[in-house]
Amino acid sequence: MIKYVVMDLDNTFLRADKSIPEENITALKMLKEKGIKVIISSGRSNMSLDIYAEKLGLDYEGNYIIAYNGCRIYEAKSKKVLREYLLDNDTAAKISDIVTEIVPNTLCYSNSRLYTENITEVTKRYAKNSSLVLNRVDSLKSIIEGDVQKIIMIGEHETLYGAYRQVVEKLGSKIDAEMFYSSNDIFEFEAKGKNKGTALLELAEILNEPVEVFAAVGDNQNDIEMIAYAGLGMTVANGVEGCKKAAKYITKADCENAGFAEACNYVIKESLTK
């Protein structure tokens, strides 16, 4: 029986323009009525996710949030951090040296603040969508100290891939960082060995629950492990091929047309038949 639904936000629960289909709001209420908890799991920062959790009524005591693609697990109400994993500072500095020369729209989360060398329409839009203040610095390397959550690049898919290849060529394939696309135009560097899937397993351990009671729904490369590890892994119709291969259920509707709500209906149907 499913007791938790772990959901990605962007291009899963949210449309591409960040609006929310009304059917998805109804689905959240339906899950609550059935006693099924909803846990947000996103690449976004805790600052951004706290806003969504409050807006969606998910910031109550006894609920949890997974931020930074699994690198932070914390209590939704108290904000108490239960698990946190940071990007190695030396590695982050080396990555920033390489990618800022190739991708102008590169940003870094350091000590829970968002930095960039270039204030552009792209970086401003990213900050606005994330509900964060964007801080300009002359060099990202200068602010890479203390807690570094992640580095992200925004741009054309192939340009980002070229920057990633440069990182691998110069630092080696065993670089001390996880590297992945979180959307077609965003590439991220985060703590080695951590992802939404490992966070799901850790949360199950924290809650003393078997992973079989968790359903998970996502759409992109950073959701694959989460979908694969969940008792019921699902992806919306716009999910990448990796998500579809890992999923037990693929919705007919995409994120623009309430694919998340369809996934929730499937969860309830499966729970009722077991």
Side-chain angles (χ1 to χ4, degrees), residues 8-11 16 18 42-49 67-72 84-196 219-224 240:
D8 172 52
L9 280 183
D10 296 283
N11 298 312
K18 311 307 175 187
S42 172
R44 289 173 178 250
S45 70
N46 55 296
M47 299 84 76
S48 177
L49 297 184
Y68 296 116
N69 288 305
C71 291
R72 179 180 291 187
E84 182 164 35
Y85 306 95
L86 302 168
L87 183 58
D88 174 72
N89 283 15
D90 182 58
T91 301
K94 291 176 179 177
I95 290 171
S96 71
D97 271 347
I98 297 168
V99 302
T100 52
E101 293 296 316
I102 304 169
V103 182
N105 299 313
T106 296
L107 304 99
C108 178
Y109 286 85
S110 181
N111 297 306
S112 296
R113 298 183 70 189
L114 181 63
Y115 297 93
T116 186
E117 294 179 8
N118 300 298
I119 303 289
T120 66
E121 290 305 313
V122 172
T123 55
K124 286 194 293 185
R125 181 168 63 250
Y126 175 86
K128 181 180 179 181
N129 288 339
S130 302
S131 303
L132 297 174
V133 173
L134 183 59
N135 301 279
R136 186 195 171 280
V137 290
D138 291 332
S139 169
L140 283 186
K141 192 174 180 179
S142 68
I143 52 86
I144 293 177
E145 56 185 16
D147 294 351
V148 177
Q149 283 79 29
K150 65 177 178 176
I151 292 173
I152 72 167
M153 307 183 294
I154 307 175
E156 295 292 328
H157 190 86
E158 291 304 316
T159 301
L160 302 185
Y161 183 76
Y164 153 72
R165 290 304 310 166
Q166 282 295 306
V167 170
V168 172
E169 282 184 26
K170 294 181 179 180
L171 303 184
S173 59
K174 294 185 179 180
I175 178 176
D176 192 17
E178 288 299 307
M179 303 176 284
F180 53 86
Y181 285 97
S182 57
S183 70
N184 191 58
D185 61 349
I186 297 179
F187 193 93
E188 310 200 15
F189 301 89
E190 296 190 13
K192 183 73 172 180
K194 299 301 172 182
N195 53 58
K196 292 185 183 183
D219 74 286
N220 219 298
Q221 185 180 342
N222 59 329
D223 297 311
I224 294 173
V240 298

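Nearest heavy atom pair, residue Ile144 against residue Ala92, reads CD1-O, 3.5 Å. Of all non-hydrogen atoms in Ser139 and Ser142, the two that sit nearest each other are O-OG, 2.5 Å. Between Ser45 and Tyr68, the shortest heavy-atom distance links the atoms CB-OH, 3.3 Å.
Atoms CD and OG, from Glu117 and Ser96 in turn, are 7.5 Å apart once rounded to the nearest 0.5 Å. One distance of note links CG of Leu107 with CG of Leu134; it measures 6.0 Å at 0.5 Å rounding. In this structure, OH in Tyr181 is found 12.0 Å from CD1 in Ile186, a value given to the nearest 0.5 Å.
With sequence neighbours excluded, no residue satisfies ring pair (Phe, Tyr, Trp, His ring centres under 6.0 Å) with Phe180. Applying the side chain to side chain donor-acceptor pair (under 3.5 Å) rule to Asn118 yields no partners; only residues at least two apart in sequence or on another chain are considered. Listed by chain and residue number, Arg72 satisfy the salt bridge (charged side-chain N to carboxylate O under 4.0 Å, His left out) test with Glu84 (two or more places apart in sequence, or in another chain). Applying the salt bridge (charged side-chain N to carboxylate O under 4.0 Å, His left out) test to Lys124 and every residue at least two apart in sequence or in another chain returns Glu121. Take Asp10 and apply the side-chain contact (heavy atoms from CB on, under 4.5 Å) test, not counting sequence neighbours, and it matches Leu14, Lys18, Ser42, Arg44. With sequence neighbours excluded, no residue forms a side chain to side chain donor-acceptor pair (under 3.5 Å) with Asn220. Partners of Asp185 according to the salt bridge (charged side-chain N to carboxylate O under 4.0 Å, His left out) rule, which considers only residues two or more places apart in sequence or in another chain, do not exist here. Residues passing the side-chain contact (heavy atoms from CB on, under 4.5 Å) test with Asp90 are Asp88, Lys94, sequence neighbours excluded.
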Kindly list each side-chain donor-acceptor pair under 3.5 angstrom involving residues 150-172, sequence neighbours excluded, with atom names and distances?
unit_1: Lys150; atom_1: NZ; unit_2: Gly43; atom_2: O; d: 2.5
unit_1: Lys150; atom_1: NZ; unit_2: Glu188; atom_2: OE1; d: 2.9
unit_1: His157; atom_1: ND1; unit_2: Asn184; atom_2: O; d: 2.9
unit_1: His157; atom_1: ND1; unit_2: Asn184; atom_2: OD1; d: 3.1

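Note on residues 104-114: no pairs pass salt bridge (Lys or Arg N to Asp or Glu O under 4.0 Å), not counting sequence neighbours. Within the structure, salt bridge (Lys or Arg N to Asp or Glu O under 4.0 Å) pairs that include any residue of residues 172-183 do not occur (at least two apart or interchain). Applying the side-chain hydrogen bond (donor to acceptor under 3.5 Å, both in side chains) test to pairs two or more places apart or on separate chains, those with a residue in residues 100-111 are Asn105-Thr120, Tyr109-Tyr126.
Put simply, the side chain of Cys108 reaches to within 4.5 Å of the side chain of Val148, judged on heavy atoms. Using a 4.5 Å cut-off on side-chain heavy atoms (C-beta onward), Met179 and Phe187 make contact. Residues Ser131 and Met47 are not in side-chain contact: their nearest non-hydrogen atoms beyond the backbone lie 4.5 Å or more apart. Side-chain atoms of Lys192 and Thr91, non-hydrogen and from C-beta on, never get closer than 4.5 Å to each other. By the 4.5 Å heavy-atom criterion applied to side chains, Asn135 and Val137 are not counted as neighbours.
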Margin query: Show, in sequence, the C-alpha distance, side-chain angles and deciding distance for Leu49 and Leu9, and conclude whether the side chain to side chain contact (heavy atoms under 4.5 Å, CB included) test is met.
Written below: CA-CA 9 Å; Leu49 297 184; Leu9 280 183; 3.6 Å; yes
Next item on the list: Test side chain to side chain contact (heavy atoms under 4.5 Å, CB included) on Asp147 and Leu87 and set out the steps.
Entry: CA-CA 8 Å; Asp147 294 351; Leu87 183 58; over 6 Å; no
Checklist line | Worked verdict on Asn222 versus Asn69 for side-chain hydrogen bond (donor to acceptor under 3.5 Å, both in side chains) | finding: CA-CA 7 Å; Asn222 59 329; Asn69 288 305; 2.6 Å; yes
